[in-house]
Number of protein chains: 2
Amino acid sequence: MEISERKTKILRAVVDEYVAGAHPLSSQEIRDKHLPDLSPATVRSELSALEEMGYLVQPHTSAGRIPSTKAYKYYVDHLMTRRELSIEDAEYIRGYFEGKIMQVEDLVRRTAKVVSDMTNYTSVIVLNDIEKVRIKQIKLVDLTDGELLVVIVTDAGVIRDTTVNMDIDIGEGYIATATQLLNNIFTGHTLEEVEMPGSMIDGELSSFRQLFDNVIDALKRRTNSQVYLEGGSKILDYPEYRDIDKARNMIATFDNRDELASAMSMAEDIGISLKIDKDERGGIEDCSVVTARYSIGGKEIGKVGVIGPTRMNYDKVISVLNCINDILNEGVEDEQKE
Amino acid sequence: MEISERKTKILRAVVDEYVAGAHPLSSQEIRDKHLPDLSPATVRSELSALEEMGYLVQPHTSAGRIPSTKAYKYYVDHLMTRRELSIEDAEYIRGYFEGKIMQVEDLVRRTAKVVSDMTNYTSVIVLNDIEKVRIKQIKLVDLTDGELLVVIVTDAGVIRDTTVNMDIDIGEGYIATATQLLNNIFTGHTLEEVEMPGSMIDGELSSFRQLFDNVIDALKRRTNSQVYLEGGSKILDYPEYRDIDKARNMIATFDNRDELASAMSMAEDIGISLKIDKDERGGIEDCSVVTARYSIGGKEIGKVGVIGPTRMNYDKVISVLNCINDILNEGVEDEQKE
DNA sequence: ATTAGCACTCTAACGAGTAGACTGCTAACA
DNA sequence: TGTTAGCAGTCTACTCGTTAGAGTGCTAAT
């Protein structure tokens, strides 16, 4: 069913105002702020119609209207003004990335921080599962005391490192051999693809078995440290979460990195996708998550999510995410050129 | 002033019951549960006296008594039953540390988790400031693409690593020279002590200046990632934080790693120290922090803190901290023996 | 020193009553 | 036919008075 232009205008007004103020909109208020040429009565009949169509809801008889989930979806798909961020805002964002950034962890933290600060919602970043990252090279460093540092350089420029405690003696030759062996097995592959060579099981290479196991083991163990959260308390600023039990539920979800990561995993393939009002899922109500796949210098590194009340400022959030994504990619390209 | 035995008994009863139930204690209730041979009236006069002495407080005239801050202090110093953890509990804790743990980060996370899980309060671990850690050795690893991985092995067995982007060409010889140079400067010293050698400023070593700066810079930058929090939502389980604004304040404090670290910094020198009711400090009321210096295998690595309501179960918390500390140290000693 | 008895105080819960915020409907109007 | 004014109806949120109950402090008796 088609929505008339006037209805569209009213629907947009209700969403915008409700996002800003979190209180139901009356016919009067809509007239005063958005349609001064109409009478409240006319607005009322339009509101009735929009409610009939499922876009608006009345909390109770003598209250105004608030947008339904359907309204938010429609708003995001058809009504939203996809504006660019102002130059000042973009500059402000750039400020967060000033100074030398040498570690992925640092970069990711800053990104999470700026997303949260700019949007005033909670942000989450989940780095891609190590299983899918292509390994470029492996280096072994002898740390004496029988400790060996394993450095893995991956596709995304990410470096994961882990120390391995070796029972056997480590000599100069051992390291050279082991390095070559590991690189033969791992280089150019993802962790998913790698299999232990038969010769390692009980062949002549069985003495390297422990090392191999340790590397695999350590790589997999990193998984749950790859979730970054910023601005967890921000969600408590919104009246939807005045209720202490809802608040507690939300914060408990933030505590649980695994749950957070899985909530983020439904991000669509390309660009920005959003999941509105994922109700009924363990009591997380009135909550929306905007997710986007994120890349640095063209390489996808993970997903970023913005968690806020359903009446989120989707426009702003999406602008911010786009802007940061642009900055991240241009920045790294510059760096690569050097 | 001396406290009679009967007063002691009553004080302990009030603290214990209030910790468990969070509601004011009446003379009646104390009599029924702890002093069946007395009349409520007698208990009342004792309560009056204890209130006079500053150990008890009445929320309002017709309510029972609750412990004052002074009472908690007295309780911890004189009344607490410093019991050992049960064998089952100790075994349960051990379970958290099963499997290979090869990274300090992993170990710290697990420790934070088990502290929070066992006590049901929020736990924080702040690793010692890098400035104070003694550096054992530095290794450089060429990662190609002009990237250099700097591995720093420290006193506490902690390994901090960072990549450095070098403008100049890196040759085999360069790395060997640079490694030797860096080790001459850093090995055996703490970061605080290190100064840039004069020859690096404009002498024959000036080409290494960038590397030196990068190492210092990168080391210092790690600081705020060295704070680990677990069970942030747990504090919301306690009625003290039913008030949404208090809850928000608390969670906001958790979000701010720097603030958290500084709140933890007042830990006493040895053993377990606790800071009760650090009121008035930016609105964090009804909140206590138990802090302890933590070590692994005899080397101090940082501080652990337990954050909960003032009516915390100090007994349990301290037992758990002690037990975990023991396990951590014995575990590593075993490993070192091998 | 302890206790029973009692008057007193304060909270928390309940219910009635009220103001006011909006709506939906009806009837008039362009 | 679309728009509007007017009005009755409904629901919330707030206030206020009342009351039950919890617990104390005091006094006088044991």
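All figures in this text were calculated on a predicted structure; none of them were measured in a lab. By convention in this document, chain letters (A, B, ...) are assigned in the order of the sequence lines, proteins followed by strands, and residues within each chain are numbered from 1.
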SB check Glu240(A) Arg311(A) (cutoff 4.0 Å)
yes

Once you measure the plane-to-plane angle for Tyr74(B) and His78(B), does it fall in the parallel (<30°), tilted (30-60°) or perpendicular (>60°) bin?
tilted

Does the Lys NZ or Arg CZ of Lys234(B) fall within the cation-pi geometry relative to Tyr121(B) - under 6.0 Å from the ring centre and within 45° of the axis?
no

Rounded to the nearest angstrom, tell me the gap between atom CZ in Arg31(A) and atom P in dA5(D).
8 Å

Taking 4.0 Å as the cut-off, does a side-chain nitrogen or oxygen of Ser39(B) come that near to OP1 or OP2 on dT2(C)?
no

Rounded to the nearest 0.5 Å, what separates atom CD1 in Ile244(B) from atom CG in Asp237(A)?
10.0 Å

Would you mind reading off the distance between Lys7(B) atom NZ and dT2(C) atom C1', rounded to a whole angstrom?
14 Å

For the pair Arg83(A) and Asp315(A), find out whether any cationic side-chain nitrogen is under 4.0 Å from an anionic carboxylate oxygen.
yes

Before accepting this row, confirm whether a basic side-chain N of the pair Lys9(A)/Glu5(A) lies closer than 4.0 Å to the acidic partner's carboxylate O.
no

In whole angstrom, what separates Glu46(A)'s CD from dG24(C)'s C1'?
15 Å

Any carboxylate oxygen within less than 4.0 angstrom of a Lys/Arg side-chain nitrogen, looking at Glu51(B) and Arg65(B)?
yes

Determine whether the aromatic ring centres of residues Tyr314(B) and Tyr75(B) are separated by less than 6.0 angstrom.
no

Look up atom SG in Cys323(B) and atom CD in Glu84(B), then write down how far apart they are to the nearest 0.5 Å.
8.0 Å

Short heteroatom pairs, N/O only, protein and nucleotides 28-30 of chain C, under 3.5 Å:
none

So, taking the atom named OH in Tyr18(B) and the one named CG in Leu25(B), what distance separates them when rounded to the nearest 0.5 Å?
9.5 Å

Using a 4.0 Å heavy-atom cut-off, write out nucleotides 12-30 of chain D from 5' to 3' as B (base contacted by protein), S (sugar-phosphate only) or - (no contact).
S---------BSBB-----

Taken to the nearest whole Å, CG/Leu35(B) to C1'/dT2(C) is 14 Å

Looking across every strand, which nucleic acid part, if any, lies under 4.0 Å from Arg6(B) by heavy atom: base, sugar-phosphate, or nothing?
sugar-phosphate

Check this for me, if you would: do Lys73(B) and Asp77(B) make a salt bridge, where the nitrogen-to-carboxylate-oxygen distance has to be below 4.0 angstrom?
no

With five pairs defining each end axis, the helix from dA1(C)-dT30(D) to dA30(C)-dT1(D) comes out bent, to 10°, by 20°

